[in-house]
Amino acid sequence: METVTLTMKDQPGLYLEADSITPDAFAGKKAEEIVDLPVYTGREQHRLGDFFEVSGTAGATPAETKIVVNGDISRVKYIGMKMTDGEVVANGNADMYVGAWMQGGKITVNGNVDAFAGTGMKGGEIIINGNAGNYLGAAYRGDWRGMAGGKIVVKGNAGSDLGTFMTGGEIVVGGDVDVHVATHAEGGKIVIKGNAKRRLGGQMVEGEIYVFGNIDVMMPGFAYREDVDVEVDGVKGRFALYEGDLGERHRKRKGQAIYAKLYQLVGA
Amino acid sequence: MAEYLIKNGFVFDPVLGIRGDAADIAIKDGKIVETSAVKSPKVIDAAGKTVMAGGVDIHAHVAGPKVNIGRNFRPEDKLFNCKPGHGIERMQGGFSVPTTIRTGYDYAHMGYTTVMEAAMPPLYARHTHEEMRDTPILDQGAYPVFGNNWFVLEYLKNHEIENTAAYIAWLLRATKGYAVKVVNPGGTEAWAWGLNCENIHDPVPYFDITPAQIVKGLIEANEYLGLPHSMHVHANNLGTPGNYQTTLDTFKLSEGIKPNSKFGRDQVMHHTHVQFHSYGGEGFNFESKAPEIMDYVNTHDNITIDLGCVTLDETTTMTADGPFEHHLTELNHLKWANADVELETAAGVVPFVYSANNKANAVQWCIGLELGLLAKDFMRVFLTTDHPNAGPFIRYPRIMKWLMSQEARDQQFDAFKHKDKVIEATNLAGMDRELDLYEIAQMTRAGPAKSLGLAHMYGGLAPGLDGDVAIFDFNPNEPYAPDDIEKAFGNARHLFKSGVQVISDHEIASNGNKRTLWVNAKVNENPQVMRDVKEKFLRYYTVTLNNYEVAGHHYVPNPYVIEVDATQ
Ligand SMILES: [Zn+2]
């Protein structure tokens, strides 16, 4: 695997829209070609090299390409958007849409990410070693196609509207989450190791939510069924199983209605 | 104005009866003229290319409140497809519900120059006109909806044709409307009670009138006035398996009524998006009844139809057929918008994904094309997608490809997941007919222009007609692949609108000088109708008459008024 290193040299005046920072766009290119890739601030088009020092050479394919982004990237959006393979390591706090519509490969953020990370994600892996903002693994505004595959791991906390319209894949949050979890979801798995607040699984049709800590208010559309022993993300424990959202339509499989499942840890 | 001479193109023009012969077309002062009438024209070399009149779309949803609801509640429709402005070309966005700017440009790129907005809620006519005003290049008109309007229901319950006609004349003037549109007659009003009208004799709650009385009465009122276009109907029971019987019953309501119009049309009923109305069978086993439908259409020359072809895209459905949109959201569980328009109509909007993997959608695709291939008279059968309901209008060139090439249809059949079941439920796989460009020019130009009563302006290349001319990179005398058809007719080389070159070498060269067409029908004084209008506004409407009428330069900066005298 070949590595390309980007180091921020000039902060953009406005936010930088840099959906060209992907192994797919870099593959087969030398540093002097990579600096010419387009980025946008507001309505203006610039070169990636206007903001970043670029060194190294990309691999022949996305799979053979690793990108390391250094410096203050808190105003850089769309890192790793739509990437299909390869690796991106962002050393710092990144702005919105990290790994949005990602299909494969791996993104590691050694810092926090702002909202919409993993929007509409289909595959691959995102590791966030800080906190995540709102709408992690959710659908684009208005869309009904949220995260469908792959895995997102957040070491810290996540914001609100986690996994909205999620249909597949897995999100693991090490800390706490804000309101609205898996709203409208039709599949997928969300593990919350800390505490949750309110509105978990509103209008959720299918899929799973696991909460290790407290839930401030349970949705009235979820009904307690039984206590079950489950192993999740390497933790074995006894969970209270709730099913819902009872106010929604539910598909049937072999004559049995399928419900979304919400598990809350009650004992080790 | 500049003079143009378009030389040596292969011309397809039903008005002149030219079927692909090389000919020269001259434009002067905004009109087509004899080639001898231009003195020092700018010469456009069209050798090896196809030349046709500007396209005329008789039915599309391109402006007004429900289109804008579609835009507002579908930000994802603009995802990754916005184009910044450059030069005179303005910023564009959207796929199935494009911005007004993209609407104008995309039609122009297909060689279209006139597009009718098919359903204008009268109360929101102002909004509709503002959007049409902001749609560049195209001449446009809008059809106010009448089929669930309280005035109409009350007058026609007692068969008061003269009062209905006076109300139509008043409303066309108030809303700057073009024609009489009917959507799910009575059914949309019934929807306010949570009901529907499922056949033409199903009475409307409270009003105690049937869809048959509404449709027949509106045809009679339309002919009483002698409007340019006929009554334009979307019948009851759209989209339901077995509905073809309702469609035939609706067609039959036109029997025995003679057209009364100075505008050259021969029909008294235009039935729109007939694909959605040609279903046999039940439930998921629905099947094509296109042959039964086209048997009727082919043998009755006082109706015209448009196809409403399914294009197998993700799109945004929108119609004044409120109960149907509720049915759709129950079916696909996607978001739904529903609106009631006071005394007049209603509307619903739901996104929809037509998929080649879905048997029902594939059957719908077949039915639309079957209707076209079974047609005998292309001056009465027009190409549409009921944009955006069965698919976005930008797919017209793809539909041309399917109608013109069995190979292209076979390719699509091979892409269907349930190919065998689809073939079993339809007739298309056995059809080897391939339309030619003359028939396409009838379906997209001369035919709709005639049906609209606008054959004196649009649809042909005869001297005296408007200077609307499209030139496509297509040589019909050389071998071509099916995809070449789609490519060429989706990207006109040059386009002239009213004598102005609006596309030059595939690029937008001018934003044109768009006109809004509306019909000013003069009728005898009718104190009763005027009293009824006043009373309804006082008692029921949330706005006053002063805030209702479309008046002034702001809404219609460049009107083209068609005068009709119905005083007797
Ligand atoms: Zn329509």
Side-chain angles (χ1 to χ4, degrees), chain A residues 17 19-20 22 24-25 38-46 77-78 81-83 96-97 100-103 115-116 119-122 135 138-148 161 164-167 183-187 202-207 245 247-252 257-258 260, chain B residues 66-99 101-102 283-284 313-318 325-338 348-355 357-358 388 392:
Chain A
E17 303 190 11
D19 58 10
S20 54
T22 64
D24 300 77
V39 291
Y40 299 86
T41 62
R43 63 193 290 276
E44 290 171 3
Q45 186 177 325
H46 299 274
K77 294 180 199 288
Y78 299 111
M81 181 166 115
K82 291 186 178 174
M83 66 186 267
M96 294 194 260
Y97 289 103
W101 298 284
M102 178 176 181
Q103 295 177 38
F116 305 111
T119 287
M121 178 172 174
K122 290 197 176 76
Y135 293 97
Y140 181 72
R141 285 283 164 86
D143 208 337
W144 57 89
R145 289 155 290 207
M147 179 173 178
D161 301 279
T164 301
F165 279 110
M166 190 170 176
T167 62
T183 307
H184 279 293
E186 301 214 12
Q203 296 187 289
M204 188 176 182
V205 175
E206 220 176 311
D245 179 335
E248 282 297 300
R249 76 198 148 88
H250 290 278
R251 281 197 302 137
K252 281 189 175 155
I258 308 162
Chain B
K66 71 188 178 317
V67 180
N68 218 35
I69 284 173
R71 295 188 188 108
N72 283 335
F73 99 149
R74 291 208 64 197
E76 74 279 11
D77 191 68
K78 287 195 181 71
L79 185 61
F80 304 130
N81 63 28
C82 290
K83 190 178 170 195
H86 69 97
I88 61 145
E89 200 172 318
R90 295 178 57 189
M91 181 173 68
Q92 306 166 55
F95 174 73
S96 66
V97 271
T99 58
I101 304 292
R102 174 163 282 177
F284 290 111
D313 284 291
E314 176 180 323
T315 192
T316 313
T317 67
M318 51 183 61
E325 291 291 354
H326 179 253
H327 165 75
L328 263 194
T329 189
E330 291 285 294
L331 198 74
N332 72 4
H333 310 295
L334 298 184
K335 53 195 167 183
W336 170 51
N338 180 61
V349 186
V350 175
F352 199 85
V353 182
Y354 290 97
S355 164
N357 295 334
N358 179 301

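Being a predicted model, the structure only gives us computed values, none of them experimental. Scope of the values below: all heavy atoms of this structure, side chains included, with no hydrogens, waters or symmetry mates.
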Once ring-ring contact (aromatic ring centres under 6.0 Å, His included) is applied, do any residues pair with B:F73, and if so which ones, sequence neighbours excluded?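 In terms of ring-ring contact (aromatic ring centres under 6.0 Å, His included), with neighbours along the sequence ignored, B:F73 is linked to no residue.
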Region of B:P75 in contact with chain A, defined by heavy-atom distances below 4.5 Å: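 Both backbone and side chain.
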Chain A against chain B: donor-acceptor pairs under 3.5 Å:
{"unit_1": "B:E314", "atom_1": "OE1", "unit_2": "A:R145", "atom_2": "NH1", "d": "2.8"}
{"unit_1": "B:E314", "atom_1": "OE1", "unit_2": "A:R145", "atom_2": "NH2", "d": "3.2"}
{"unit_1": "B:E314", "atom_1": "OE2", "unit_2": "A:R145", "atom_2": "NH2", "d": "2.9"}
{"unit_1": "B:H333", "atom_1": "ND1", "unit_2": "A:R249", "atom_2": "NE", "d": "3.1"}
{"unit_1": "B:K335", "atom_1": "NZ", "unit_2": "A:G142", "atom_2": "O", "d": "2.3"}

